[in-house]
Amino acid sequence: MSVVLLVRHGQASFGTDDYDRLSPRGREQSRALGTELNRRGIAPARTVTGNMKRQRETAQEASTAAAWHTTDPDIDPGWDEFDASDLLAASGEHDPRAKTDSRAFQRLLERASTRWSSGDHDADYVETFGAFTARVDASLDRVAEGLERGQTGVVFSSAGAIAWVTARLLGGGFPQWLALNRVAVNSGVTKIVIGSSGTSLVAFNEHGHLPDPWVTYR
């Protein structure tokens with residue numbers, strides 16, 4: 001079998017002028033993950049990251065802490081997060097608290113995501129829900145195809161993409177995706193194995209490398 005570890009990026013900079021960068025806590029989470037992967041003796045044959053800054057910074061921090069002396073990770077934009085701003089703009093809903101209150105933002109985003117997933121308003125979006133899930137599926141296929149038997153690949157992505165892979169492997173759809181997306185922990189690890197019987201989920205959102213005060217969801 002080959003193994004794929006899907007890593008959610010560390011905490012981003014919510015409420016600042018540049019959300020798409022790691023916060024100081026996000027860098028700590030990423031380094032803690034790298035240290036734990038090193039302790040486990042994980043030496044990936046391939047690392048992949050989406051093209052978002054917070055994903056690439058997580059890969060850099062974790063790889064350095066893990067002492068992975070490899071070339072730069074492959075960049076695959078298929079692992080990028082969906083565009084939350086596009087969903088919120090199309091929904092027409094507003095909540096001034098959402099700019100600084102992560103819980104208010106999450107409630108607003110979940111309502112917007114439900115509208116997005118329905119397929120009834122596809123013309124309103126730059127990327128439809130169906131297009132999003134298809135590109136994530138294709139990205140996982142590319143990682144799997146690039147690994148030989150017994151090798152491990154590590155992918156640095158985001159909650160939405162990882163939640164979709166998990167929901168699909170569990171035979172679920174949008175409701176499962178929404179529930180999993182809601183609880184994804186920053187720097188959490190989802191483990192997938194690929195063998196003769198297909199692709200299987202082994203673990204979702206493992207975050208034992210984090211002390212409790214470091215556990216964040218946004």
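The figures here come from the full heavy-atom set of this structure, side chains too, leaving out hydrogens, waters and symmetry mates.
- Under the side-chain hydrogen bond (donor to acceptor under 3.5 Å, both in side chains) criterion, Lys191 pairs with no residue at all, not counting sequence neighbours.
- Asn186 meets the side-chain hydrogen bond (donor to acceptor under 3.5 Å, both in side chains) test with Thr216; sequence neighbours excluded.
- With Thr190 contributing its side chain and Asn205 its backbone, the two residues share a donor-acceptor pair below 3.5 Å.
- The backbone N or O of Leu108 sits nowhere less than 3.5 Å from a side-chain atom of Gln106 that would complete a donor-acceptor pair.
- Between Leu5 and Leu37 there is a side-chain heavy-atom pair separated by less than 4.5 Å.
- The minimum heavy-atom distance between Thr49 and Ala59, with the atom names listed, is CB-CB, 4.4 Å.
- Annotation: side chain of Glu127 is not in contact with side chain of Asp83 (no heavy-atom distance under 4.5 Å).
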Go through Arg31 and Glu28 one step at a time and tell me if the salt bridge (charged side-chain N to carboxylate O under 4.0 Å, His left out) criterion holds. CA-CA 5 Å; Arg31 290 192 290 268; Glu28 291 175 326; 5.3 Å; no
Decide yes or no on side-chain contact (heavy atoms from CB on, under 4.5 Å) for Leu6 and Val165, but give the supporting numbers first. CA-CA 9 Å; Leu6 302 178; Val165 170; 3.9 Å; yes
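- Under the 3.5 Å distance criterion, the side-chain polar atoms of Asn38 are matched with a main-chain donor or acceptor of Ala66.
- Note: Phe204 CZ to Leu169 CG = 11.5 Å, rounded to the nearest 0.5 Å.
- Of the possible donor and acceptor atoms, none in the side chain of Arg21 sits under 3.5 Å from a partner among the backbone N and O of Ala12.
- A donor-acceptor pair is defined here as one N or O able to donate and one able to accept, closer than 3.5 Å; such a pair exists between the side chain of Thr133 and the backbone of Gly130.
- Taking every heavy atom of both residues into account, Ala112 and Leu88 meet most closely at CB-CD2, 4.0 Å.
- Note: Arg107 CZ to Glu110 CD = 9.5 Å, rounded to the nearest 0.5 Å.
- Looking only at side-chain heavy atoms (C-beta outward), Leu201 and Leu170 come within less than 4.5 Å of each other.
- The two residues Trp68 and Pro44 have their closest heavy-atom pair at CE2-CD, 3.3 Å.
- No side-chain N or O of Arg218 forms a donor-acceptor pair with one of Gln11 less than 3.5 Å apart.
- Atom CZ of Arg46 is separated from atom CZ of Arg142 by 8.5 Å, given to the nearest 0.5 angstrom.
- The side-chain hydrogen bond (donor to acceptor under 3.5 Å, both in side chains) check on Glu36 picks up Arg39, Arg40, with sequence neighbours excluded.
- Under the 4.5 Å side-chain heavy-atom criterion for Ile, Leu, Val, Met, Phe, Trp and Tyr, Val136 and Leu87 are members of the same hydrophobic cluster.
- The shortest side-chain heavy-atom distance between Ser13 and Tyr19 does not fall under the 4.5 Å cut-off.
- Side chains of Ile75 and Arg56 form a contact here, defined as non-hydrogen atoms less than 4.5 Å apart.
- Exactly one residue among Val193, Ile42, Ile194, Ile192 makes a side-chain contact (heavy atoms from CB on, under 4.5 Å) with Val3. That residue is Val193.
- Take Asp124 and apply the salt bridge (charged side-chain N to carboxylate O under 4.0 Å, His left out) test, not counting sequence neighbours, and it matches Arg115.
- Sorted by first and then second residue, the side chain to side chain donor-acceptor pair (under 3.5 Å) pairs involving residues 165-177 (not counting sequence neighbours) are Asp137-Arg168.
- Not one N or O on the side chain of Thr64 forms a donor-acceptor pair closer than 3.5 Å with the backbone of Glu61.
- Other residues sharing a hydrophobic cluster with Leu210 under the 4.5 Å side-chain heavy-atom criterion for ILVMFWY residues are Val185, Trp214, Val215, Tyr217.
- Side-chain contact annotation: His209 with Ser187, donor-acceptor N/O pair under 3.5 Å present.
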Solution key, residues 143-162 side-chain donor-acceptor pairs under 3.5 Å, sequence neighbours excluded:
| from | atom 1 | to | atom 2 | distance (Å) |
| --- | --- | --- | --- | --- |
| Gln151 | OE1 | Glu148 | N | 2.8 |
| Ser157 | OG | Trp79 | O | 2.7 |
| Ser158 | OG | Gln55 | NE2 | 2.8 |

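- For the pair Leu109/Phe82, a side-chain contact is recorded, criterion being any heavy-atom separation below 4.5 Å from C-beta on.
- Applying the salt bridge (charged side-chain N to carboxylate O under 4.0 Å, His left out) criterion to Asp101, with sequence neighbours excluded, gives no partner residue.
- Under 3.5 Å, the side chains of Thr128 and Asp122 contain no donor-acceptor pair of N or O atoms.
- In this structure Asp86 satisfies the side-chain hydrogen bond (donor to acceptor under 3.5 Å, both in side chains) test with no other residue, sequence neighbours excluded.
- Taking the salt bridge (charged side-chain N to carboxylate O under 4.0 Å, His left out) definition, one finds that Asp20 meets it with Arg54, sequence neighbours left out.
- When side chains are defined from C-beta on, Ser30 counts as touching Leu22, because their heavy atoms get closer than 4.5 Å.
- Of the candidates Tyr125, Trp116, Phe174, Trp116 is the only one forming a ring-ring contact (aromatic ring centres under 6.0 Å, His included) with Phe132.
- Scored by the salt bridge (charged side-chain N to carboxylate O under 4.0 Å, His left out) test, Asp80 finds no partners at all (sequence neighbours excluded).
- Rounded to the nearest 0.5 Å, atoms CZ (Arg103) and CZ (Arg97) are 12.0 Å apart.
- In terms of hydrophobic clustering, with Ile, Leu, Val, Met, Phe, Trp and Tyr side chains grouped at heavy-atom distances under 4.5 Å, Val202 and Met1 are assigned to a common cluster.
- Sorted by first and then second residue, the ring-ring contact (aromatic ring centres under 6.0 Å, His included) pairs involving residues 90-110 (not counting sequence neighbours) are Phe14-Phe105.
- Glu206 contributes atom CD, which lies 9.0 Å from atom CG of Leu33 (distance to the nearest 0.5 angstrom).
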